[in-house]
Amino acid sequence: MSIKPVRTRFAPSPTGRMHIGNARSALYPFLLARHLGGTFILRIEDTDQKRFELGAEQELIDGLHWLGLNYDEGPDIGGPHEPYRQTERRAIYHEHAWKLVELDKAFPCFCTSERLGTVRQEQLKNKQNPRYDGLCRTLDSDEARRRVNDGEKYVIRFKMPKEGSITTADILRGSITTENSALDDTVLLKSDGLPTYHLGAMVDDHEMQITHVIRGSEWLPSMPLHIHVIRAFGWDEPVFAHLSVFLKPNGKGKMSKRDRADDMKDGHSIFLGDMKELGYIPEGVLNWIALMGWGVAEDDVMTMNQMIERFSIDSLTPSPAAINFQKLDHFNATHIRLLTTDDLAARIKPYFTREGLNVDEEVLLKVVPLLRERLVTLDDCLSFGSFFFKDNVTPAPEDLIAKGLDAVQSAQVAQRAYEILSAQPTISHERCEPPLRAYVEESGLNVNQVFGILRVAVTGQKVSPPLFESMEIIGREKCLLRIKNAIEVLKKM
RNA sequence: GCCCCCAUCGUCUAGUGGCCCAGGACGAAGCCCUCUCAAGGCUUAAACCGGGAUUCGAAUUCCCGUGGGGGCACCA
């Protein structure tokens with residue numbers, strides 16, 4: 001047996017926004033290809049003209065790039081098996097569909113959708129399984145040809161054997177045997193000349209020499225049909241792995257796009273475009289998605305290279321997984337902490353500038369180490385660190401009053417601190433903390449009261465990065481000014 | 001209605017007949033550290049869906065229930 005080079009693919013249809021389900025369907029084949037030194041392909045399955053959405057393909061491509069799931073062949077970069085967009089491969093499907101007719105494995109069907117609808121209703125009424133009643137299956141082939149040539153509308157259906165059974169294999173679940181009598185004469189080529197998934201995907205996977213098909217479990221029931229089609233052509237069968245579906249966070253029901261509104265309210269979304277907006281980084285998203293449906297024994301935090309190194313197709317899990325946004329937050333925060341200072345600086349800078357803040361690179365580089373371990377999402381940098389880039393801050397007056405003190409006492413504390421700090425030629429962690437701690441000692445107050453007042457005065461907020469490191473970055477002049485302002489505010493209360 | 005798949009802590013999972021009074025991670029609780037918030041360290045609570053069968057021995061194999069999910073289009 002010859003070892004074929006591994007080729008995998010992500011074959012989405014451009015019918016909507018890219019969500020985490022799509023991302024995972026792209027991730028696993030990508031990982032498999034990279035792990036085995038194979039090729040990863042992007043193929044666009046745009047044969048449904050009704051559900052087609054302009055811009056969806058670009059969103060898919062953007063999402064893949066954002067995640068770093070770069071493909072070796074695809075519609076925008078070409079490759080040895082182009083085109084990679086199914087609507088541009090019409091002739092190929094047409095030819096293959098008729099090949100099957102010649103082989104007596106398929107037949108042209110002229111039934112109208114009206115008649116099919118009536119038949120289906122009748123079957124349902126009689127509690128029978130809805131399926132094609134076989135009217136055109138026995139049509140004389142010459143007559144069928146004639147009608148086709150006369151321009152009559154037709155589809156091509158698979159001629160499912162009436163008897164026997166077929167055994168198919170899913171690498172995660174083992175073999176599954178299905179009675180052919182339970183299968184239908186499914187449409188392979190639509191009357192608009194484009195293939196259904198059942199023909200299009202099989203033809204392309206063969207032509208593009210795909211060795212491992214990793215796809216959603218919604219395809220599991222039609223796998224017998226797919227194997228029938230592949231065998232009818234006499235082709236080799238790829239390895240199949242069907243991924244489980246994503247469940248809603250509560251575990252009840254399949255994840256759906258309708259939940260988006262609720263998710264966005266608490267800062268979460270299943271759409272990649274939204275996630276980027278919300279401050280999630282690709283490393284975190286990837287790690288999160290990877291672990292839903294892939295069993296890794298220990299050490300959950302992985303970089304892309306570690307994922308590639310450890311991936312194997314049979315460590316995928318067959319059971320449905322409920323999405324858990326808390327875990328996403330954890331992975332995102334963890335990967336943010338893994339970023340270098342320069343990298344993180346570059347990633348959070350846009351959040352500040354978008355707010356109209358003037359970002360000094362040198363200051364930013366000093367701020368990043370203080371922010372790093374406090375960020376869950378990138379946009380958290382705003383609530384934690386905007387004050388670094390503002391000329392002045394406007395704390396809420398009541399926040400300036402320390403616990404257990406009143407406004408007058410708080411003003412006195414601020415005044416004393418001001419004196420201590422202004423006695424220093426420069427403000428640094430080393431210079432400021434000792435004298436202020438000494439003051440805390442002699443005043444009989446506690447550090448939370450004294451440092452708390454200063455924190456609010458200098459940063460404008462009750463929660464901030466460490467006080468003295470922050471003051472050092474802000475600088476002597478601004479710090480003193482802000483404390484002075486705070487004293488004024490307190491005096492007016 | 002019919003067909004198919006799945007089933008370990010709340011969640012994601014490890015586990016391929018003895019190493020399991022079931023391991024890790026998120027989350028939760030507590031403690032430590034601490035100028036706030038985090039991060040970090042330590043600790044605790046928390047699961048093999050039920051019933052049969054096979055076996056000296058079952059989370060692990062088989063059967064039946066139950067629960068959950070998917071599919072039955074000229075959609076993918």
Side-chain angles (χ1 to χ4, degrees), chain A residues 11-15 45-51 86 109 111-113 116-117 120 124 127-131 153-157 170 172-173 176 178-179 182-184 186-198 200-201 215-224 242 244-245 247 249-254 288 291-301 315 317-331 333-334 337 370-376 380 383-384 433 436-437 440 446-452 454-456 459 461-468 470:
Chain A
S13 55
T15 53
E45 309 212 328
D46 55 349
T47 55
D48 185 349
Q49 67 282 76
K50 295 186 205 76
R51 293 201 307 152
Q86 291 190 320
C109 168
C111 296
T112 62
S113 48
L116 260 18
R120 182 170 301 115
L124 252 20
K127 295 190 172 166
Q128 291 173 300
N129 286 334
R131 68 177 53 169
K153 280 263 180 196
Y154 71 97
V155 301
I156 289 180
R157 315 185 83 110
D170 172 278
L172 308 180
R173 292 161 245 259
I176 303 160
T178 310
E179 294 299 321
L183 270 17
D184 203 358
T186 314
V187 172
L188 299 180
L189 194 73
K190 301 185 280 183
S191 59
D192 63 3
L194 286 166
T196 58
Y197 176 89
H198 311 298
R215 58 185 353 184
S217 67
E218 65 269 26
W219 296 114
L220 208 45
S222 50
M223 186 166 54
H242 291 87
S244 60
V245 293
L247 267 25
N250 60 15
K252 301 228 183 298
K254 189 183 171 184
W288 178 56
L291 260 18
M292 282 190 284
W294 173 21
V296 179
E298 274 176 39
D299 198 2
D300 281 341
V301 177
S315 56
T317 56
S319 45
I323 55 180
N324 180 349
F325 288 118
Q326 285 178 319
K327 201 148 188 172
L328 166 62
D329 286 345
H330 165 256
F331 280 122
T334 304
R337 270 180 256 128
L370 262 36
L371 256 29
R372 184 164 19 224
E373 62 221 26
R374 278 162 252 270
L375 306 182
V376 172
D380 287 340
S383 59
F384 276 110
E433 187 165 2
L436 279 169
R437 283 203 183 268
V440 169
N446 64 46
V447 284
N448 288 327
Q449 292 171 312
V450 176
F451 292 7
L454 278 177
R455 181 189 314 283
V456 176
T459 69
Q461 50 202 50
K462 292 168 89 166
V463 173
S464 82
L467 182 59
F468 300 108
S470 297

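Chain A is the first sequence line, chain B the second, and so forth, proteins listed ahead of strands; every chain is numbered from 1. As a basis for the values below, the full set of heavy atoms in this structure was taken, side chains included, without hydrogen atoms, waters or symmetry mates.
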Quiz item: If you pin A:Asn129 and A:Pro221 to their nearest nucleotides in RNA chain B, which one's is more 5'?
Solution: A:Asn129

Quiz item: Want to settle it: does A:Ala182 or A:Val447 sit nearer the 5' end of RNA chain B, counting the closest nucleotide to each?
Solution: A:Ala182

Self-check item: Watson-Crick or G-U wobble partner of B:rC2, both distances under 3.5 Å
Solution: B:rG71

Quiz item: With both distances under 3.5 Å as the test, what is the Watson-Crick or G-U wobble partner of B:rA25?
Solution: B:rU11

Quiz item: Has the side chain of A:Arg455 got a donor or acceptor that lies under 3.5 Å from a partner of the other kind on the base of B:rC35?
Solution: yes

Practice problem: May I ask you to verify whether the side chain of A:Ser191 and the base of B:rC74 hold a donor-acceptor pair under 3.5 Å? | Solution: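 Indeed, a donor on one side and an acceptor on the other fall under 3.5 Å apart.
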
Exercise. On the 0 to 90° scale, with breaks at 30° and 60°, tag the A:Phe468-A:Phe451 ring pair as parallel, tilted or perpendicular.
Key: perpendicular

Quiz prompt | Minimum-distance pair of heavy atoms, taken over all atoms of A:Leu370 and A:Pro466 | solution = CG-CD, 4.5 Å

Practice problem: Find out whether A:Lys190 and A:Thr196 are in side-chain contact, i.e. whether some heavy atom of one side chain is under 4.5 Å from a heavy atom of the other. | Solution: yes

Quiz item: Are A:Glu433 and A:Leu436 close enough that some pair of their side-chain heavy atoms sits under 4.5 Å apart?
Solution: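 A side-chain contact is absent here, since even the closest heavy-atom pair is not under 4.5 Å.
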
Practice problem: Take atom C1' in B:rU36 and the same atom in B:rA45, then report the distance between them in whole Å. | Solution: 30 Å

Quiz prompt | C1'-based separation of B:rA46 from B:rA38 [nearest Å] | solution = 26 Å

Practice problem: Nearest whole angstrom, please: distance from the C1' of B:rG27 to the CZ of A:Phe331. | Solution: 12 Å

Quiz prompt | Distance in angstrom units between A:Asp184 CG and B:rC72 P, rounded | solution =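 Atom-to-atom, A:Asp184 to B:rC72, this comes out as 11 Å.
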
N/O to N/O distances under 3.5 Å, protein versus nucleotides 60-69 of chain B:
from	atom 1	to	atom 2	distance (Å)
B:rG69	OP1	A:Gly253	N	3.2

Quiz prompt | Among B:rG27, B:rG71, B:rC6, the nucleotide that comes nearest once only the side chain of A:Gln326 is considered | solution =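 It is B:rG27.
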
